[in-house]
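See structure below.
Residue numbers count from 1 along this sequence. Counting starts at 1 for both ligands and their atoms, in listed order.
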Amino acid sequence: MTYLVTDNCVKCKHTDCVAVCPVDCFYEGENFLVINPDECIDCGVCVPECPVGAIVADVDLPEPELTLWQERNAKYSLIWPVITEQIAPMEDAEIWDGVPGKFEEFVEKS
Ligand code: SF4
Ligand code: F3S
């Protein structure tokens, strides 16, 4: 199994998760973070750290969301640079918390 970053991270990017990951497997895009599924050791410590509940265990995601978020985390973790230290959240993070469909609109136009 692995843990995956999902839609609610987009345009929030609090990065509390980065501060606790023991294997530095978060990768940073302009407005979203992903986990490299091959590097994640499934410790789960990042899950309660995310203020907007964006990190989930793959086993808790139903299809088709599971495949979608597996593909997105795997793809972008090979493209984006690693992030190892917490930074300030995005401006307006509170406003975007809970808005649906952010990935399609702001990360990858479908
Ligand atoms: Fe890192 Fe553990 Fe979260 Fe995986 S589950 S991303 S290893 S903190
Ligand atoms: Fe995103 Fe939550 Fe981490 S908003 S950057 S998954 S703390």
Side-chain angles (χ1 to χ4, degrees):
M1 66 174 282
T2 185
Y3 285 78
L4 299 167
V5 187
T6 62
D7 202 71
N8 212 24
C9 177
V10 178
K11 290 182 81 72
C12 292
K13 210 167 80 167
H14 288 278
T15 69
D16 300 62
C17 53
V18 172
V20 299
C21 181
V23 293
D24 292 340
C25 63
F26 283 94
Y27 292 78
E28 183 188 13
E30 188 183 335
N31 51 21
F32 184 45
L33 250 61
V34 291
I35 290 169
N36 182 316
D38 293 328
E39 295 175 351
C40 174
I41 59 170
D42 308 333
C43 69
V45 299
C46 56
V47 175
E49 296 299 320
C50 177
V52 296
I55 304 174
V56 296
D58 57 359
V59 292
D60 292 332
L61 270 179
E63 292 290 5
E65 286 80 11
L66 172 59
T67 298
L68 268 180
W69 291 108
Q70 275 176 331
E71 289 176 354
R72 290 164 175 173
N73 278 257
K75 173 181 174 180
Y76 288 103
S77 67
L78 297 178
I79 297 172
W80 291 341
V82 69
I83 175 171
T84 59
E85 290 182 6
Q86 185 170 4
I87 57 174
M90 294 191 73
E91 203 178 336
D92 296 334
E94 291 81 10
I95 293 171
W96 289 103
D97 180 12
V99 176
K102 291 185 285 181
F103 183 91
E104 284 89 350
E105 186 163 359
F106 298 111
V107 181
E108 190 173 75
K109 302 266 186 210
S110 54

Mark up the atoms of ligand 2 that fall under 4.0 Å of a heavy atom belonging to [X], in ascending order.
X: I55; result: 6 (S)
X: D16; result: 7 (S)
X: V52; result: 4 (S)

Query raised in the report: Side chains of K13 and N31: is there a donor and an acceptor less than 3.5 Å apart?
Result: no

**Report entry** Between D97 and N8, a side-chain donor and acceptor under 3.5 Å
**Finding:**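 Per modelled atom types, D97 and N8 side chains form a pair under 3.5 Å.
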
Can you pull out the closest protein heavy atom to [atom]? Residue, atom name and distance to 0.1 Å, please.
atom: atom 5 (S) of ligand 2; result: T15 N, 3.2 Å
atom: atom 1 (Fe) of ligand 2; result: C9 SG, 2.4 Å
atom: atom 3 (Fe) of ligand 2; result: C17 SG, 2.3 Å
atom: atom 2 (Fe) of ligand 2; result: C50 SG, 2.3 Å

Distance in Å, [X] [atom1] paired with [Y] [atom2], rounded so as to fall on 0.5 Å steps:
X: K102; Y: K11; atom1: NZ; atom2: NZ; result: 9.0 Å
X: L68; Y: D7; atom1: CG; atom2: CG; result: 10.5 Å
X: Q86; Y: C17; atom1: CD; atom2: SG; result: 8.0 Å
X: E49; Y: H14; atom1: CD; atom2: NE2; result: 12.5 Å
X: D16; Y: I87; atom1: CG; atom2: CD1; result: 11.0 Å
X: I35; Y: N73; atom1: CD1; atom2: CG; result: 6.0 Å

Query raised in the report: Transitive ILVMFWY cluster of I41 at side-chain heavy atoms under 4.5 Å: who else is in it?
Result: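 Members alongside I41: V23.
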
Query raised in the report: Within less than 4.0 angstrom of ligand 1, does P22 place any heavy atom?
Result: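 Checking ligand 1 against P22, which is what was asked, there is a heavy-atom contact under 4.0 Å.
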
**Report entry** Sequence neighbours excluded - salt bridge (charged side-chain N to carboxylate O under 4.0 Å, His left out) pairs with any residue from residues 30-42
**Finding:** none

Report task. May I ask you to list the atoms of ligand 1 that are less than 4.0 angstrom from any heavy atom of F26? Result -> 6 (S)

Query raised in the report: Do you know how many protein N, O or S atoms are within a distance smaller than 2.8 Å of atom 4 (Fe) of ligand 1?
Result: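 That number is 1, waters not included.
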
Requested in this report: With sequence neighbours excluded, give me every side chain to side chain donor-acceptor pair (under 3.5 Å) pair touching residues 57-69.
Outcome: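 Checked against side chain to side chain donor-acceptor pair (under 3.5 Å) - neighbours excluded - the pairs reaching residues 57-69 are E63-T67.
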
Query raised in the report: So, does E49 sit close enough to ligand 2 that a heavy atom of it is under 4.0 Å from the ligand?
Result: no

